[in-house]
Amino acid sequence: MHRWSQVFIPTLREAPADAEVASHKLLVRAGYIRQLGAGIYSFLFLGNRSTQKIMRIVREEMDKIGQEFYLPALNPREIWEASGRWSVMGENMFRLKDRKGADLCLGMTHEEIMTDIARKELRSYKQLPQIWYQIQTKFRDEPRPKSGLLRVRQFTMKDSYSFDIDAAGLDASYQKHHDVYCRIFDRCGLKYVVIDAHSGAMGGSQSQEFMVRTPAGEDLVVSCAQCGYAANLEKATSKLAPVEDLQPEGDGKPLEVHTPGQKTIEEVARFLGVSPKNKIKTLAMMISAEEPERGTTRIPTKWEPGPVSRAVVVLLRGDHQMNEVKLSTALGGKDVRPMQEEEILALFHSPAGYLGPLGVDWAKNMEEPRKPILLVDKALEERVNLIGGANKENYHVKNLTPGKTFHPTAYVDLRSVNAGEPCPNCGAALRIDTAVEIGHIFKLGYKYTHSMGATVLDRNGKEVAPIMGSYGIGIERILTAAVEQNNDENGFWLSPAIAPFEVVVVSTNSSDEKIRTAAEGIARQLEESGYDILLDDRDERPGVKFKDADLVGIPFRINIGKKVTDDTVEVVQRSTLHKEDVKISAISEYFKRLRQMPT
RNA sequence: CGGGACGUAGCGCAGCCUGGUAGCGCACUUGCUUGGGGUGCAAGGGGUCGCGAGUUCAAAUCUCGCCGUCCCGACCA
């Protein structure tokens, strides 16, 4: 049993001026954490108890499907060179030198180290599948740490890696992680959604993120309340209401119209008396055609113009917005930037405001090198008689039909979904929320086993690379997300499973002998029944103790006051502030029942 | 990396413009008081005013440089 009078719980009446989001303010005020530097936090007594409990849950569940390792956070450069990520990780990786001048880094993730063990030790398909996990400190030199514990430079991650002989095996390992993650987050008392995430350009075939909705979140989640569809904004699609196409004008061939001074979609649409939905939005972009050099320490952080850049032109429906991540993914993960004025003139021979697809020699397909790429959003596929720029100042063109009057390099989904658009599955209105990512499961494929040369013999005696998955949970983010999800102006409340204590026993008057001994007795009794108890035995006024108890995240409180003469105490549930009188003799029984309840 | 703000006691802030004894609330210590929602009274302790230069008889205050933190953007396995 812990006595408040003897432990260190530095609660604050006021939050530091730096703190903006609820979890940051409250975790500092409740004495869970203190800041050491930008994105660097110390965990004090309560904070550590809570994260330790989270880790225990993670271990219990992960042990059902895998084996716990413990890998070094200090990594030699060579291992990261082997996968090519020494340079890819760029400035996000903390780097240092040892006394001999050798390069080292602090691990941001552990695919390399795990794959190194696999390539040295795994010999036969008979040893597969393997699921290896660890709970480890990760270091990432974030460009902008923020929001308290939400985006930090040092944090604890449960990361696991699966090795399977084939794709079916990976499917099974992936599914096991999915199910175990759900159990972990359920046990932590979180409300979360599992969303489809874009798996990036690195050959990953499937990826899902576990997200907790909160206004403090940095990610955007598109979801449907009716059918449960949920996806990252970078992946989400929507069904579109049909659009009535325009009738062809004249002979149906592209027809130039004079649109003096009309540049924006809205201006042109109004000028010509049509809807923006019948207009083409033309976006001129540039990509770098070259990957950063491997095996060097040169970190290309910025767009570098030069002969390697290549034009990419995107056509969207007039009222749609482009999603840059979708575009980048469609281009194999390359960085994209808007064209400069001179580049626009060079390609279109026209100033911006009148750009369109005609008169440019587009690449016929994605494989064709060097020629400018014309990507047309899927919402324009099958559409006819659209209006776009004429590549001539003060002129637009009618009767544009993709595939007929011009030929796209490819049709790709490139637009961002808007809230309220129909769900792609069921047609109900989609919602968009900000959310925090607490877990991520990812089918890696052969990226690391190939690049690092890990192989086993299959049943035919042939050398094959195992297929991998990687899976992560942010330990502190579970705590942070829980606080974001359950708080009010007086504090927050955690699920008993992850709260530093399950019950705080408050003696309302420590100078009253009867009250004090009753509080001691109840605390001891509950502790013997297996509960984590904090006894507030401080010589403080009741108001002070109540305020503190409400602040620090403990889900239940027992007030011991004047009613002890009646053998009665008061149990308060923090989440609802519901109060109930309970006989002292019935207190253990009462909590046995409460423990099953959601908080 | 671009834009903005801030840095004075553990926390929240004033003082700076107009240079001259470093202040307030909370917290802390001691005593009394009070005892169901941050009691009241009294007496105390605690500050390299982020760091370094410069101007000046004199710098928290003016000038320059640096560092740190936060916010917006860029970025984010």
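Convention: sequence-line order gives letters A, B, ...; per-chain numbering from 1. Since the structure is predicted, the reported quantities are computational estimates derived from the model, not experimental observations. Because only heavy atoms are used, hydrogens play no part in the values below, and waters and symmetry mates are left out as well, while side chains stay in.
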Task: Stretch residues 30-42 of chain A: residues that reach within less than 4.0 Å of RNA chain B through a heavy atom - done: A/Q35, A/G37, A/A38
Integer-rounded Å distance: [N] [atom2] and [X] [atom1]:
| X | N | atom1 | atom2 | answer |
| --- | --- | --- | --- | --- |
| A/E20 | B/rA5 | CD | C1' | 11 Å |
| A/E142 | B/rC70 | CD | C1' | 16 Å |
| A/K25 | B/rG12 | NZ | P | 12 Å |
| A/H24 | B/rC11 | NE2 | P | 12 Å |
| A/K547 | B/rA27 | NZ | C1' | 17 Å |
| A/L150 | B/rC71 | CG | P | 11 Å |
| A/R144 | B/rA74 | CZ | C1' | 10 Å |
| A/L12 | B/rG25 | CG | P | 18 Å |

Integer angstrom distance from the [atom1] of [N] to that of [M]:
| N | M | atom1 | result |
| --- | --- | --- | --- |
| B/rC41 | B/rG47 | P | 26 Å |
| B/rC17 | B/rU61 | P | 9 Å |
| B/rC26 | B/rC62 | P | 30 Å |
| B/rA60 | B/rU21 | P | 9 Å |
| B/rG36 | B/rA9 | C1' | 34 Å |
| B/rC28 | B/rG46 | C1' | 9 Å |
| B/rA59 | B/rG20 | C1' | 10 Å |
| B/rC49 | B/rC16 | C1' | 11 Å |

Please confirm whether the ring centroid of [X] lies under 6.0 Å from the ring centroid of [Y].
| X | Y | answer |
| --- | --- | --- |
| A/Y133 | A/F69 | no |
| A/H24 | A/Y41 | yes |
| A/F45 | A/H2 | yes |

For [X], answer base if it contacts any base atom (sugar-phosphate contacts may also be present), sugar-phosphate if it contacts only those atoms, and nothing otherwise; contact means non-hydrogen atoms under 4.0 Å.
| X | answer |
| --- | --- |
| A/M157 | base |
| A/S147 | sugar-phosphate |
| A/A19 | nothing |
| A/P143 | base |
| A/D548 | base |

[Y] six-ring face occupied by [X] cation (under 6.0 Å, within 45°):
| X | Y | answer |
| --- | --- | --- |
| A/R49 | A/F501 | yes |
| A/R85 | A/W80 | no |
| A/K443 | A/Y174 | yes |

Nucleotide paired to [N] in any strand shown, Watson-Crick or G-U, under 3.5 Å:
| N | result |
| --- | --- |
| B/rC16 | none |
| B/rU39 | none |
| B/rC26 | B/rG10 |
| B/rA5 | B/rU69 |

Task: Whether A/R574 side chain and A/D550 backbone form a donor-acceptor pair below 3.5 Å - done: yes
Open item on the list: Heavy-atom nearest nucleotide on RNA chain B for A/P145 versus A/H440: which residue maps closer to 5'?
Closed with: A/P145
Given [options], the nucleotide with the shortest approach to the side chain of [X]:
| X | options | answer |
| --- | --- | --- |
| A/R13 | B/rC76, B/rG37, B/rG38 | B/rG38 |
| A/A17 | B/rC71, B/rC13, B/rG25 | B/rC13 |
| A/V544 | B/rU69, B/rA74, B/rU39 | B/rU39 |

Open item on the list: Contact between A/V506 and A/F546 at the side-chain level, heavy atoms closer than 4.5 Å - yes or no?
Closed with: yes
Open item on the list: Which residue is it: A/Y161, A/F163, A/Y70? I am looking for the one with a ring pair (Phe, Tyr, Trp, His ring centres under 6.0 Å) to A/W132.
Closed with: A/F163
Sidechain N-carboxylate O distance under 4.0 Å for [X], [Y]:
| X | Y | value |
| --- | --- | --- |
| A/D581 | A/K563 | yes |
| A/R151 | A/E142 | yes |
| A/K138 | A/D159 | yes |

I'd like a table of atom pairs between the protein and nucleotides 31-36 of chain B - only N or O on both sides, under 3.5 Å - with the distance next to each one.
{"unit_1": "B/rU34", "atom_1": "O2'", "unit_2": "A/R541", "atom_2": "NH1", "d": "2.8"}
{"unit_1": "B/rU34", "atom_1": "O2", "unit_2": "A/R541", "atom_2": "NH1", "d": "3.0"}
{"unit_1": "B/rG35", "atom_1": "O4'", "unit_2": "A/R541", "atom_2": "NH1", "d": "3.4"}
{"unit_1": "B/rG35", "atom_1": "O2'", "unit_2": "A/N509", "atom_2": "ND2", "d": "2.9"}
{"unit_1": "B/rG35", "atom_1": "N1", "unit_2": "A/D539", "atom_2": "OD1", "d": "3.4"}
{"unit_1": "B/rG35", "atom_1": "N2", "unit_2": "A/D539", "atom_2": "OD1", "d": "3.2"}
{"unit_1": "B/rG35", "atom_1": "N2", "unit_2": "A/E540", "atom_2": "O", "d": "3.1"}
{"unit_1": "B/rG36", "atom_1": "OP2", "unit_2": "A/K562", "atom_2": "NZ", "d": "2.7"}
{"unit_1": "B/rG36", "atom_1": "O6", "unit_2": "A/G561", "atom_2": "N", "d": "3.2"}
{"unit_1": "B/rG36", "atom_1": "N1", "unit_2": "A/E570", "atom_2": "OE1", "d": "3.3"}
{"unit_1": "B/rG36", "atom_1": "N2", "unit_2": "A/N559", "atom_2": "ND2", "d": "3.4"}
{"unit_1": "B/rG36", "atom_1": "N2", "unit_2": "A/E570", "atom_2": "OE1", "d": "2.3"}
{"unit_1": "B/rG36", "atom_1": "N2", "unit_2": "A/E570", "atom_2": "OE2", "d": "3.4"}

